[in-house]
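Here's the structure, in structure tokens; my notes come after.
By convention in this document, chain letters (A, B, ...) are assigned in the order of the sequence lines, proteins followed by strands, and residues within each chain are numbered from 1.
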Number of protein chains: 2
Amino acid sequence: MSEDNWSPPAVLLAVDLVILTLRSSRLQVLLVERGVDPYRGALALPGGFLNNAAEDIEAAANRELREEADLDGTQLHLEQLRTYGAPERDPRGRIVSVAYLAIAPGLPEPVAGSDAAEASWRSADDALSGVIELAFDHRRILADGVERARAKLEHTALATAFCGSTFTISELQQVYEAVWGVALDPRNFYRKLQGVEGFIVPAGTDRRVTKGRPARLFRAGPRTVLHPPMVRPDTCENGGEHG
Amino acid sequence: MSEDNWSPPAVLLAVDLVILTLRSSRLQVLLVERGVDPYRGALALPGGFLNNAAEDIEAAANRELREEADLDGTQLHLEQLRTYGAPERDPRGRIVSVAYLAIAPGLPEPVAGSDAAEASWRSADDALSGVIELAFDHRRILADGVERARAKLEHTALATAFCGSTFTISELQQVYEAVWGVALDPRNFYRKLQGVEGFIVPAGTDRRVTKGRPARLFRAGPRTVLHPPMVRPDTCENGGEHG
DNA sequence: GCAATAGTGTCTATCAGACATTATTTA
DNA sequence: TAAATAATGTCTGATAGACACTATTGC
């Protein structure tokens, strides 16, 4: 089965980042314009190769987050998503990419002139539907990232990662509505949220003033796993309905 | 930031398999005894390097499934679990491993003399608790695999992958009980299962004869996503953690 | 005052959890 | 007959979904 002088093949390892945020109540993803072939000029997920053979993969993800998006990985949610390694996924050769999912609070457009000058926030829906074309298999990676975020909103407190350190309940509702792509009843949402102990905790007596009555401010609570979960409304998916 | 003659470092890519099954109503995992250094003689997850630079990663997982476990990947559930790439995880050098999770129906002990002669089913609990020591970071990989299986039982039809082509409702209940490590009420379980349309469908008029009244046989239905989900009983968990 | 948003209450269908009962087999 | 397991039924507390109402701001 194995020859005497067989030795395992080496591959190039890259990381790609699905960085999601909420801007103007829409789910957006950070994309960069490629400056080199292949796919020069096309949009792609931020990412790059390991710096050296000793660099940890998650450290590489944090480094790309800083270099390409000007974001601090210690301040936002970052988790490994999945590894993509089809032999033909990159025309340059055998490149295996470990994708990471990052969730950031709403941020301004990356500043021109910075390291992240080529990066810009784009509509996640446009990228998913193909209105915006992505290089390589990045559309698939994005789809997996968005689906991961959707699923984790249900049973973890991930939604707070889309918000600043303090937020109102309606801001949190906008996160759920934008990521899930559904409309939620504010009153039921309010009641449900208050019922899950430790999900959100009051943040002092400050209020957020906009147009109507000022809203109370909260911050993320100690609970990360939601019990019972938030329920995503039936979007008549999959094999059917229910009994 | 990048030197002119910089080139990305290469790494060795391996796959590791978390193969779970149910034997005697216990969750078990397939482990192999290592015949070579490092960790010679210790138990480890089945796995190995890519055969060549053109081999697809999932194909490599299927190949290892066949070579090391004598299992046919097309007949059982196989999904990518996670990638492990800490620089020091393997004393031989920089080896990045893509772990896969496989779920198999209850099977006999691998036959001595076959390619899988070194493999044997072991208690998943023993391996998780440290009673059985595993090589490398394989205990962590196993823990992630078991947790993935536990979570997926809740909102997918994965449980049927632990059973043969036909099964009884109580057999399916044993899957949930063994993987979750809880006791479930047979009557509520029965009612719940029948209520989720498309999860399981009757398989003819045959019955499974054991001791008491013969049980109806079912097979997996078309539905893969459970709506509403099966609910894992409160095991007074959480305060904070995440992966 | 009006418009707008925040926050609370109430009803109801559904469902999970507890537990009783009947049915069908082997020994 | 008893023992064992399968299958069905009933009650109850919790809750998701629908929707009406009150509260507090800016204009």
- Note on the structure: Between CZ of B:F189 and P of C:dA16 the distance, given in whole Å, is 12 Å
- Task: Write down the atom of B:T21, the atom of B:P105, and the distance for their closest heavy-atom approach.
- Result: OG1-O, 2.9 Å
- Item | Residues B:E33 and B:R122 bridged, charged N to O under 4.0 Å | no
- Task: Taking all heavy atoms of B:L128 and all of B:A143, pick out the closest pair and write down the distance.
- Result: CD2-CA, 3.5 Å
- Query: Between A:P46 and A:E64, is any pair of side-chain heavy atoms under 4.5 Å apart?
  - Reply: no
- Check every nucleotide of DNA chain D for an atom under 4.0 Å from a heavy-atom of chain A, then give the first and the last such nucleotide from 5' to 3'. D:dA16 to D:dG26
- Item | Interatomic distance where CG belongs to A:L193 and P belongs to C:dG7 [whole Å] | 12 Å
- Task: Take atom NE2 of B:H227 and atom P of C:dC15, then tell me their distance rounded to the nearest Å.
- Result: 12 Å
- Please report the closest heavy-atom contact between B:L184 and B:E177, naming both atoms and the distance. N-OE2, 2.8 Å
- Are more than 12 heavy atoms from other residues, nucleotides or ligands located less than 6.0 Å from atom CZ of B:R23? yes
- Task: Only counting residues at least two apart or in another chain, list the ones meeting side-chain contact (heavy atoms from CB on, under 4.5 Å) with A:R213.
- Result: none
- Query: NA contact type, B:T168, heavy-atom cut-off 4.0 Å: base, sugar-phosphate, or nothing?
  - Reply: nothing
- Message: Show the nearest heavy-atom pair for residues B:G221 and B:V201, with the distance to one decimal.
- Response: CA-CG1, 4.1 Å
- Item | Rounded distance in Å - CZ (A:F167) to C1' (C:dT5) | 19 Å
- Query: Looking at A:T156 and A:L226, what are the two nearest heavy atoms and their distance?
  - Reply: O-CD2, 3.3 Å
With the criterion being N/O to N/O and under 3.5 Å, what pairs connect the protein with nucleotides 10-13 of chain C, and how long is each?
none

Polar pairs (N or O, both sides) under 3.5 Å between protein and nucleotides 22-25 of chain C?
residue: C:dA23; atom: N3; partner: B:R213; partner atom: NH1; Å: 3.3
residue: C:dT24; atom: O4'; partner: B:R213; partner atom: NE; Å: 3.4

- Item | Heavy-atom side-chain contact between A:N62 and A:Y100 under 4.5 Å | no
- Message: Please compare A:A215 and B:R187 by the position of their nearest nucleotide in DNA chain C and report the one closer to 5'.
- Response: A:A215
- Rounded to whole angstroms, how far apart are CD on A:Q173 and C1' on C:dA6? 12 Å
- Message: Rounded to whole Å, please give me the gap between CG in A:L217 and C1' in C:dG7.
- Response: 14 Å
- Task: Would you name the heavy atoms of A:T166 and A:A203 that are closest together and state the gap between them?
- Result: CG2-CB, 4.0 Å
- Task: Enumerate the residues from residues 153-160 of chain B whose closest heavy atom to DNA chain D is under 4.0 Å, giving them by residue number; use none for an empty result.
- Result: none
Side-chain donor-acceptor distances from residues 189-197 of chain A under 3.5 Å, at least two apart:
residue: A:Y190; atom: OH; partner: A:R216; partner atom: NH2; Å: 2.9
residue: A:R191; atom: NH2; partner: A:N188; partner atom: OD1; Å: 2.7
residue: A:K192; atom: NZ; partner: A:P229; partner atom: O; Å: 3.2

- Message: Between A:D144 and A:R140 (salt bridge meaning N to carboxylate O under 4.0 Å), is one present in this structure?
- Response: yes
